[in-house]
Protein chains: 2
Amino acid sequence: MTTNAARVLAHPSREEIRVEGVLHALSDPVRLRIVRQLAGATDEQACSRFDLPVSKSTTTHHFRVLRENGVISQFYRGTAKLSCVRTEDLDALFPGLLDSVLGGADLQAERLGQG
Amino acid sequence: MTTNAARVLAHPSREEIRVEGVLHALSDPVRLRIVRQLAGATDEQACSRFDLPVSKSTTTHHFRVLRENGVISQFYRGTAKLSCVRTEDLDALFPGLLDSVLGGADLQAERLGQG
DNA sequence: ATAAAACTACGACGATCCTCGTACAATGGA
DNA sequence: TCCATTGTACGAGGATCGTCGTAGTTTTAT
């Protein structure tokens, strides 16, 4: 097989990331859950390792929204698509934002008794 | 005039505020601008003191979204409706979130040259 | 070559969202 | 009382969003 261009995923550069876009990306329950799981892991994870209450196409959609808004980066490895949070970029652009969102989500989950 | 019940505004209690709702409320450019202006002032401000690029009805809408998601509190004084950020509640629920959003917005405005 | 695994592209549906204009309500001052 | 100020309620239009199923692509293993 020749290399497939569609397998190279487009990411916004650091300068293109907007705080409104990041907040919007994180404001959906499914996507917030994805980011929490990604941030809790030590390395990148495949989309298939997420147990989400939505269909597979919807899962694809949510990962794309996160990527297009600069929250995660993704790349292919075999048939799998791996994701990780763009911690370095987000911390540089919006210091403390990611941590406080994740911390706030943790507190809320604790408070609602379903951490 | 007798007291009008419609003039008493409904606010979510602290326990009802959700991080997803707060993020959603802050993810709109107009609303983020409102909150930045509110946070930059020392006391509460009337809606009419905001110079926004939308109509008056749309302004009302955005203030309501902010209030219903627990970001601001509002009360009437005469014909004016005053607003202020629910700093104490937000800091208790999601420590550091408000500050990092505001700080990130400031940095972004600086970076884009229209602070 | 065949099949399985992982993910995507596309179109569709209903819900929500942002916006507006118009008409209305509440307050305070002349 | 009359009017100006301030904000609301309502309905509407158009855009975006979240969801899905189906069909298809890419890769790896057999």
Side-chain angles (χ1 to χ4, degrees), chain A residues 1-11 18 20-35 37-38 44-69 71-84, chain B residues 1-11 18 20-35 37-38 44-69 71-84:
Chain A
M1 289 291 143
T2 61
T3 315
N4 189 332
R7 288 242 131 187
V8 177
L9 296 160
H11 292 76
R18 296 285 172 273
E20 298 93 333
V22 171
L23 295 176
H24 167 249
L26 295 175
S27 71
D28 179 89
V30 175
R31 290 194 293 263
L32 182 54
R33 181 163 157 178
I34 291 173
V35 174
Q37 179 171 335
L38 278 178
E44 58 274 341
Q45 292 185 53
C47 297
S48 59
R49 296 203 31 198
F50 290 78
D51 190 30
L52 302 171
V54 291
S55 76
K56 215 150 56 140
S57 3
T58 302
T59 299
T60 295
H61 161 73
H62 284 307
F63 273 94
R64 180 171 47 226
V65 172
L66 287 170
R67 186 184 72 247
E68 289 178 345
N69 283 288
V71 179
I72 66 172
S73 66
Q74 302 188 283
F75 59 95
Y76 288 97
R77 178 138 69 205
T79 65
K81 189 188 207 172
L82 304 183
S83 303
C84 52
Chain B
M1 287 293 142
T2 61
T3 315
N4 189 332
R7 289 241 130 185
V8 177
L9 296 160
H11 293 76
R18 296 284 172 273
E20 299 93 332
V22 171
L23 295 176
H24 167 249
L26 296 175
S27 71
D28 180 89
V30 176
R31 290 194 293 262
L32 183 55
R33 182 164 156 178
I34 292 173
V35 174
Q37 179 171 336
L38 278 179
E44 58 275 340
Q45 293 184 53
C47 297
S48 58
R49 297 203 30 199
F50 290 78
D51 190 31
L52 301 171
V54 291
S55 75
K56 215 156 50 146
S57 6
T58 302
T59 299
T60 296
H61 161 73
H62 284 308
F63 273 93
R64 181 171 45 226
V65 172
L66 286 170
R67 175 170 39 86
E68 290 179 343
N69 283 287
V71 178
I72 65 173
S73 66
Q74 302 187 284
F75 59 96
Y76 288 97
R77 177 139 69 205
T79 65
K81 188 187 206 173
L82 304 182
S83 303
C84 52

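These numbers come from the heavy atoms of this one structure, side chains and all, not from hydrogens, waters or symmetry mates. Order of the sequence lines fixes the chain letters, A, B, ..., with proteins taken first and strands second; residue numbering starts at 1 for each chain.
Scanning atom types as modelled, no donor and acceptor separated by under 3.5 angstrom connect the side chain of B:T79 and the base of D:dG7. Donor-acceptor pairing under 3.5 Å, judged by distance alone, is present between the side chain of B:K56 and the base of D:dG7. For A:T58 and D:dG18, a side-chain-to-base donor-acceptor distance below 3.5 Å is absent, hydrogens and geometry of angles not being considered.
In this structure, of D:dT19, D:dG18, D:dG7, it is D:dG18 that holds the atom nearest to the side chain of A:H24. Considering only side-chain atoms of B:Y76, the nucleotide from D:dG7, C:dA9, D:dT19 that sits closest is D:dG7. Comparing D:dT19, C:dG21, C:dA26 by their closest approach to the side chain of B:R7 singles out C:dA26. The listed nucleotides are C:dG21, D:dG7, D:dA9; the one nearest the side chain of B:A46 is D:dG7. Counting only heavy atoms from C-beta on, B:V54 has its side chain closest to C:dT19 among D:dG7, C:dT19, D:dC20.
Computed from coordinates, the A:I34 CD1 to C:dC7 P distance equals 12 Å when rounded to whole Å. B:D28 places its CG atom 12 Å from the P atom of D:dC17, with the value rounded to the nearest Å. C:dA6 atom C1' lies 14 Å from atom CZ of A:F50, rounded to whole Å. Regarding B:F63, its CZ atom lies at a distance of 13 Å from the C1' atom of D:dT6, rounded to whole Å. In this structure, NZ of B:K81 is placed 13 Å from C1' of C:dA25, rounded to the nearest angstrom. The CZ-P distance, from B:R64 to C:dT16, rounds to 15 Å in whole Å. The distance between atom CG of B:L26 and atom C1' of C:dC17, rounded to the nearest whole Å, is 16 Å. Regarding B:E68, its CD atom lies at a distance of 13 Å from the C1' atom of D:dT8, rounded to whole Å.
Side-chain atoms of B:E44 never come within 3.5 Å of backbone atoms of B:F75 as a donor-acceptor pair (strictly under, hydrogens ignored).
A residue-by-residue look at B:R49 and A:P53 shows that B:R49 has its nearest nucleotide of DNA chain D further toward the 5' end. Nearer the 5' end of DNA chain D, as judged by each residue's closest nucleotide, is the contact made by A:V65, out of A:G78 and A:V65.
Here the closest heavy-atom approach between residue B:S83 and residue B:L38 is recorded as O-CD2, 3.4 Å. Among all heavy-atom pairs drawn from A:R7 and A:G78, the shortest one is NH1-O, 3.2 Å. Of all heavy-atom pairs spanning A:V30 and A:L52, the tightest one is CG1-CD1, 4.2 Å.
For B:S57, no side-chain nitrogen or oxygen approaches OP1 or OP2 of C:dC20 to under 4.0 Å.
Among the protein residues, A:R77 comes within range of no part of the nucleic acid, since none of its heavy atoms lies under 4.0 Å from any strand. Among the atoms of the strands shown, base atoms are found under 4.0 Å from some heavy atom of B:H61. Using a 4.0 Å heavy-atom criterion, one finds that A:R31 contacts the sugar-phosphate atoms exclusively. Among the protein residues, A:S48 comes within range of the sugar-phosphate backbone only, with heavy atoms under 4.0 Å from sugar or phosphate atoms but none that close to a base.
The distance from the CD atom of B:Q74 to the NE2 atom of B:H11 is 6.0 Å, given to the nearest 0.5 Å. Atom CZ of A:R64 and atom CG of A:N69 lie 12.0 Å apart (nearest 0.5 Å).
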